[in-house]
Amino acid sequence: MTIRTRFAPSPTGMLHIGGVRTALFSWLYARRHNGTFILRVEDTDRERSTEAATQVILDGMQWLGLAADEGPFYQTRRMDRYREVIDEFLRTDRAYHCYCSKEELDAMRTRQQAAKQKPRYDGTCRHGREARPGVSPVVRFKNPLDGTVVVEDAIHGNVLFENTELDDLIIARSDGSPTYNFCVVVDDMDMKVTHVIRGDDHLNNTPRQINMLEALGAKLPVYAHVPMILGPDGAKLSKRHGAVSVLQYREDGYLPEALLNYLVRLGWSHGDQEIFSIEEMTQFFDIVDVNKSASAFNPDKLLWLNQQHIMRASPQRLAQFLKPQLAVLGIHTDDEAKLIAVARAQQERAKTLKEMAENSGFFFRDVDTYDAKAAQKNLTADARKALQALHGNLQAVAVWDKESIHGALQAQSTESGLALGKIAQPLRVAVSGTGVSPPIDITLEVLGRGETLKRLVRAIEWIDAAKPATAG
RNA sequence: GCUCCCAUCGUCUAGAGGCCUAGGACACAGCCCUCUCAAGGCUGGUACAAGGGUUCGAAUCCCUUUGGGAGCGCCA
């Protein structure tokens, strides 16, 4: 039997990290077992579903690389099929029309709550209340009145529900449109889903779905209800931290594999391993190993993982993400070789691609201002001599590569008796405008000789211009 | 209120009765390395929610309490 999993988001809000994690688990499980991963958009709520949210889901899944083997399917395009099943339920007496008004239902709920009971439909129409003219009825599923439903869950084990706790849920609204719990059942059956992996907020819905599945004579899928993700404060995930669109992470300079790595470790582990490639995840992940308890979202660890993945990624891959980040800063370049060289030089010192871009501007455009603190400390009269000498020494370097550059700096240090830092740091400020850059030899190599010498001259001029001001 | 779920460092987790004076990771502090920033290495502190059982022995099994979460819609 081939494994078939699905991710079934509803386009009513943003695709946030909670949704992404259940998608990831479903995807990994399918990949691991050579199965099929299905994407199904649950858009039956026409009021709240939006085109934009659907697009975000699609874009997000694509960015993350969670490609669907089948779909995307849209529930709104399956209305005929739902109608067909509803009619069949009606015909075979497994569902009935209910004419109770919203007011009646509200009153019923209020009454039940006052009596400290669980609000549930009392079955007034179940045994055939006469049709009310002018009232379009809803359709309710006839839930079994007694017995126990056992949800066999791969994560939680067997969870028991008494049918007496359940009621006859609405499967079609008065306008004829089918409702969520019903559509899920029909879809999972039609799409032959073998493993339903979803948030554990759905655990309570499962017995109803099982009852409907059984009424349809369908084979039950394996259920796996994964725990929720909480905010860093342990409270429900809110906009403030993780409940933003996943695409926000792309904008903020996160690598998709880093986000996925972070998410896969929430509720799951493989020994002491923290860093996983996508391949390793698919190799090791198993749904039965997932924890039962909710976990809090930790932005610091995500940031750390992003840095670790940046360090491990190929410069070619990083260049591809660095380019749009530079564009955001107004730096447009098609020099792929330089992008790759910069990414290679920076990949050990950037927590995000955005940060990498911010620290790499000087590679692509002139330095017109110096960081005040760095300049005050390093662009001094003493440094001027070193920079002056450096200009000559670097001009004399035969081959412009980091080894030769390093050799020239070393030689100058030895000759002048100045510590390497006394030479390298002023040089760094001269070429980058700040006190921070990749190792100076690498920085110069990437920057090129011409640009280096130009900036050296400019820094010397700057010192000369600043001197009288400082002195006077 | 009712039903269901959950409970190890601040956080993510290891732990499926003795290997646990509870291991790893993030964060934090100190040290080392060092041309800056990082990365890396080393060191340090902090956890089995509480109470009862079961057992020679419990973080691990059972019960209760407490705390958190979810569901109870003509939302998904």
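Values reported hereafter were calculated over all heavy atoms of this structure, with side chains retained and with hydrogens, waters and symmetry mates removed.
When heavy atoms are screened at a 4.0 angstrom cut-off, A:Pro438 is found touching base atoms of the nucleic acid. Here A:Phe161 lies in heavy-atom contact (under 4.0 Å) with sugar-phosphate atoms only. Contact annotation for A:Gln410: no contact, since no heavy-atom pair falls under 4.0 Å across all strands. Contacts of A:Glu165 with the nucleic acid, taken as non-hydrogen atoms under 4.0 Å apart, involve only primed sugar atoms and P, OP1 or OP2. Here A:Lys102 lies in heavy-atom contact (under 4.0 Å) with a base. Note on A:Arg48: a base of the nucleic acid sits closer than 4.0 angstrom, heavy atoms only. Counting any heavy atom pair closer than 4.0 Å across all strands shown, A:Thr44 reaches sugar-phosphate atoms only and no base atom. Heavy atoms of A:Thr12 sit nowhere under 4.0 angstrom from any nucleic acid atom. As judged by a 4.0 angstrom heavy-atom cut-off over every strand, A:Val138 is placed among the base-contacting residues. A:Asn181 comes within 4.0 angstrom of a nucleotide base, judged by non-hydrogen atoms across all strands. A:Leu266 comes within 4.0 angstrom of the backbone, heavy atoms only, and of no base.
Proximity of a side-chain donor or acceptor of A:Trp268 to a complementary backbone N or O of A:Ile287 within less than 3.5 Å is not detected. Put simply, the side chain of A:Asn378 gets close to the backbone of A:Ala374: a donor and an acceptor are under 3.5 Å apart. A donor-acceptor contact shorter than 3.5 Å links the side chain of A:Arg449 to the backbone of A:Val397. At distances below 3.5 Å, at least one donor-acceptor pair connects side-chain atoms of A:Arg312 with backbone N or O atoms of A:Gln308.
Counting heavy atoms of neighbouring residues, nucleotides and ligands inside a 6.0 Å radius, atom CD of A:Glu104 exceeds 12 of them. Heavy atoms from other residues, nucleotides or ligands lying under 6.0 Å from NZ of A:Lys142 number more than 12.
Residue side chain A:Arg428 reaches the base of B:C35 through a donor-acceptor N/O pair under 3.5 Å, judged by distance alone.
Note: CD (A:Glu104) to P (B:G73) measures 16 Å, nearest angstrom. One atom, CD of A:Glu42, and another, C1' of B:A76, lie 7 Å apart when rounded to the nearest Å. Distance A:Asp106 CG to B:G73 C1': 9 Å, rounded to the nearest Å. Straight-line distance from the CD1 atom of A:Ile442 to the P atom of B:C37: 16 Å, rounded to whole Å. In this structure, the CG atom of A:Leu409 is 17 Å from the P atom of B:U34, given to the nearest Å. Atom CD1 of A:Ile229 and atom C1' of B:U11 are 14 Å apart (whole Å). We find that CD of A:Glu103 is positioned 12 Å from P of B:C74, with the value rounded to whole Å. As a whole-Å value, the separation of A:Tyr370 OH from B:U36 C1' is 17 Å.
For B:U66 and B:G30, the P atoms lie 44 Å apart once the distance is rounded to whole Å. Spacing of P atoms, B:C19 relative to B:G41, comes out at 29 Å, to the nearest Å. For B:G40 and B:C5, the C1' atoms lie 43 Å apart once the distance is rounded to whole Å. Rounded to the nearest Å, the gap between the P atom of B:A59 and that of B:G67 is 25 Å. If you take atom P in B:U60 and the same atom in B:A49, they sit 8 Å apart, rounded to whole Å. Separating the C1' atom of B:C32 from that of B:A38 is a span of 16 Å, rounded to the nearest Å. Between the P atoms of B:U3 and B:U65, the separation comes to 12 Å (whole Å). Distance check on atom P: B:G69 versus B:A27 gives 28 Å, rounded to whole Å.
For A:Ser295, the side-chain atoms get nearest to B:C12 when compared with the rest of B:C12, B:C4, B:C74. Comparing B:U36, B:C74, B:A76 against the side chain of A:Arg349 picks out B:U36 as the nearest. If you check B:C72, B:A76, B:C12 against the side chain of A:Pro119, the one that comes closest is B:C72. When distances are taken from the side chain of A:Gln425 to each of B:A14, B:C35, B:A39, the shortest belongs to B:C35. With B:U13, B:A76, B:C6 as the candidates, the nucleotide lying closest to the side chain of A:Asn291 is B:U13. If you check B:U13, B:A39, B:C6 against the side chain of A:Lys292, the one that comes closest is B:C6.
For the pair A:Met212/A:Asn181, a side-chain contact is recorded, criterion being any heavy-atom separation below 4.5 Å from C-beta on.
Cation-pi geometry between A:Arg140 and A:Tyr121 is met: the NZ or CZ atom falls under 6.0 Å from the ring centre, inside 45° of the normal.
Of all the heavy atoms in A:Leu322 and A:Leu353, the pair that sits closest is CD1-O, 4.1 Å. What you find for A:Leu318 and A:Ile310 is that their closest heavy atoms are CD1-O, 3.5 Å.
Checked against the 6.0 Å centroid threshold, A:Phe141 and A:Phe182 do not count as a close aromatic pair. Close placement of the A:His202 and A:Tyr180 rings is indicated, their centers lying within 6.0 Å of each other. A ring-centre distance under 6.0 Å is found for A:Tyr262 and A:Phe297.
In this structure B:C2 sits in a base pair with B:G71, meeting the Watson-Crick or G-U test at under 3.5 Å. Pairing of B:C35, defined by two Watson-Crick or G-U wobble distances under 3.5 Å, is not identified with any nucleotide. Nucleotide B:C19 forms a pair with no other nucleotide shown, judged by Watson-Crick or G-U wobble geometry with both contacts under 3.5 Å. Nucleotide B:U46 forms a pair with no other nucleotide shown, judged by Watson-Crick or G-U wobble geometry with both contacts under 3.5 Å.
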Please write out each protein N/O paired with an N/O of nucleotides 63-65 of chain B under 3.5 Å, distance rounded to 0.1 Å.
none

Show each protein N/O and nucleotides 68-71 of chain B N/O combination with a separation under 3.5 Å, one pair to a line.
unit_1, atom_1, unit_2, atom_2, d
B:A70, O2', A:Asp201, O, 3.2
B:A70, N3, A:Asn204, ND2, 3.3
B:G71, O4', A:Asn204, ND2, 3.4

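Toward the 5′ end of RNA chain B lies the nearest nucleotide of A:Glu348, the other residue of the pair A:Ser10 and A:Glu348 mapping further downstream.
Taking the six-membered ring where tryptophan is involved, the planes of A:Phe284 and A:His270 are essentially parallel, since the angle between them stays under 30° and well short of 60°.
Rounded to the nearest 0.5 angstrom, A:Gln346 CD and A:Glu355 CD are separated by 9.0 Å.
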Margin query: Output one letter per nucleotide in nucleotides 24-33 of chain B: B when a protein non-hydrogen atom lies under 4.0 Å from the base, S when only the sugar-phosphate is that close, - when neither is.
Written below: BBBS------
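For the residue pair A:Asn158/A:Asp153, the side-chain donor-acceptor check at 3.5 Å is not satisfied.
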